[in-house]
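Accompanying notes for the structure given below.
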Amino acid sequence: MATQNNPQKKKHWWNNIADVYRVTKRSYSWIGWAMLAALLSVPLIVLIICFLVPFSVGRSIFYVIVGLSLGMLLATTLLTRLANSAMYKQLEGVKGNVYAVLRSIKRGWIVEQEPVAINRKQDLVYRLVGRPGIVLISEGPSSRVSELLNDQERKCHRVAPSVPIHKIQSGQGKNQVPIGKLLKTINRLKKEIGKDEVPIVGQRLQSLQNKVYRLPGGVDPAKAKMNRRMFRGK
């Protein structure tokens, strides 16, 4: 914790890139060599062209500098894409990984911060409300979460009978959605209710929460979620 005598130092953009690199390397140990190849490939190609084409020395240096800049951009782009993939890869099998993804969902949704259902095996069901209606997302084996989803579907129908309900099973099993494709699956749902209806449905569903289900002790999905501000240098 920062104090007046020892204030917390502000991270620079290169510190953020280093953090992203360390996270990505946990899943892709070869990322350093790939970035180096991307960084050097473009200026090397430009240098070869400068040898083959009779450019002036000044113009050749300029082109090499431009090529180096493009190489840096290519290396950073590669790191960003692999960082997202590594984030989802490291979330697999982590309890609470569904909420770690839901935290980054775009505007227009009401996302419950805690699971709306949990069983003895610690299988979870999360709920969110948006233009597609009510979305129930389970976390756990299909053989166990089906009952939890069906139970929540019945409860939602009682307070919002005309609102569409979508059930999604997150996991690696058959007919389940991998954690890396969960956000895309949610965004592909068809919009079926009005924008003004979303908060009304959310308020109705709050009446179902007689009991708040909390994640098992020691589980913090926020730690598993990568801070996207690292890419923006903030």
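Remember, it's a predicted structure, so these values are computed and weren't measured experimentally. Numbers for residues simply follow the sequence, beginning at 1.
- Contact record, Leu148 with Ala117: CD2-CB, 4.1 Å, taken as the closest heavy-atom pair.
- For the pair Val135/Arg127, no side-chain contact is recorded, criterion being any heavy-atom separation below 4.5 Å from C-beta on.
- Taking CG of Leu102 as the start and CG of Leu183 as the end, the distance is 8.0 Å to the nearest 0.5 Å.
- At most 12 heavy atoms of other shown residues, nucleotides or ligands fall within 6.0 angstrom of atom CD in Glu147.
- With sequence neighbours excluded, the residues that form a salt bridge (Lys or Arg N to Asp or Glu O under 4.0 Å) with Arg144 are Asp123.
- In this structure, OH on Tyr126 lies 8.0 Å from CD on Glu114, to the nearest 0.5 angstrom.
- Among all heavy-atom pairs drawn from Val201 and Ala160, the shortest one is CG1-CB, 4.5 Å.
- The side-chain heavy atoms of Cys50 and Arg59, taken from C-beta on, include no pair separated by under 4.5 Å.
- When all heavy atoms are compared, the tightest approach of Ile165 to Cys156 is CD1-CB, 3.6 Å.
- Note on Leu205 and Ile200: separate hydrophobic clusters, where clusters join Ile, Leu, Val, Met, Phe, Trp and Tyr whose side-chain heavy atoms are under 4.5 Å apart, directly or indirectly.
- The neighbour count for Trp33 CH2, taken as heavy atoms of other residues, nucleotides or ligands under 6.0 Å away, does not exceed 12.
- Of all heavy-atom pairs between Leu182 and Ser170, the closest is CD2-OG, 4.4 Å.
- Within 6.0 Å of NZ on Lys167 lie more than 12 heavy atoms contributed by other residues, nucleotides or ligands.
- Between the Ser41 side chain and the Ala38 main chain, a donor and an acceptor come within less than 3.5 Å of each other.
- Val64 and Leu52 are assigned to two separate hydrophobic clusters, defined by single-linkage of ILVMFWY side chains at heavy-atom distances under 4.5 Å.
- The hydrophobic clustering, which links ILVMFWY residues whose side-chain heavy atoms are closer than 4.5 Å, places Val53 and Val42 together.
- Side-chain contact between Glu112 and Tyr99 is absent, with no heavy-atom pair separated by less than 4.5 Å.
- Here the CD1 atom belonging to Ile168 is positioned 7.5 Å from the CG atom belonging to Leu128, to the nearest 0.5 angstrom.
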task: Give the C-alpha distance, both sets of side-chain angles, the deciding distance and a yes or no for side-chain contact (heavy atoms from CB on, under 4.5 Å) between Trp109 and Ile186.
output: CA-CA 11 Å; Trp109 290 87; Ile186 296 173; 3.7 Å; yes
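- At a threshold of 4.5 Å between non-hydrogen side-chain atoms, the residues Leu149 and Ile137 do not count as touching.
- Side-chain atoms of Glu139 and Gln176 form no donor-acceptor pair, as typed in the model, at a separation below 3.5 Å.
- Annotation: side chain of Val125 is not in contact with side chain of Val145 (no heavy-atom distance under 4.5 Å).
- Side chain of Arg131 to backbone of Ile193: a donor-acceptor contact under 3.5 angstrom is found.
- Side-chain atoms of His166 come within 3.5 Å of backbone N or O of Pro132 as a donor-acceptor pair.
- Residues Leu124 and Val98 have side chains not in contact (no heavy-atom distance under 4.5 Å, counting atoms from C-beta outward).
- Note: the hydrophobic cluster containing Leu44 does not contain Val46 (ILVMFWY, side chain heavy atoms under 4.5 Å, direct or indirect links).
- With rounding to the nearest 0.5 Å, the separation of CD1 in Ile31 from CG in Leu82 is 4.5 Å.
- Note: Leu47 CG to Leu68 CG = 11.5 Å, rounded to the nearest 0.5 Å.
- Distance CG/Leu78 to CG/Leu39: 11.5 Å, rounded to 0.5 Å.
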message: Test side-chain contact (heavy atoms from CB on, under 4.5 Å) on Ile105 and Val111; report intermediate values, then the result.
response: CA-CA 9 Å; Ile105 204 167; Val111 182; 3.7 Å; yes
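- The heavy-atom pair separating Met35 from Tyr21 by the smallest distance is SD-CD1, 4.0 Å.
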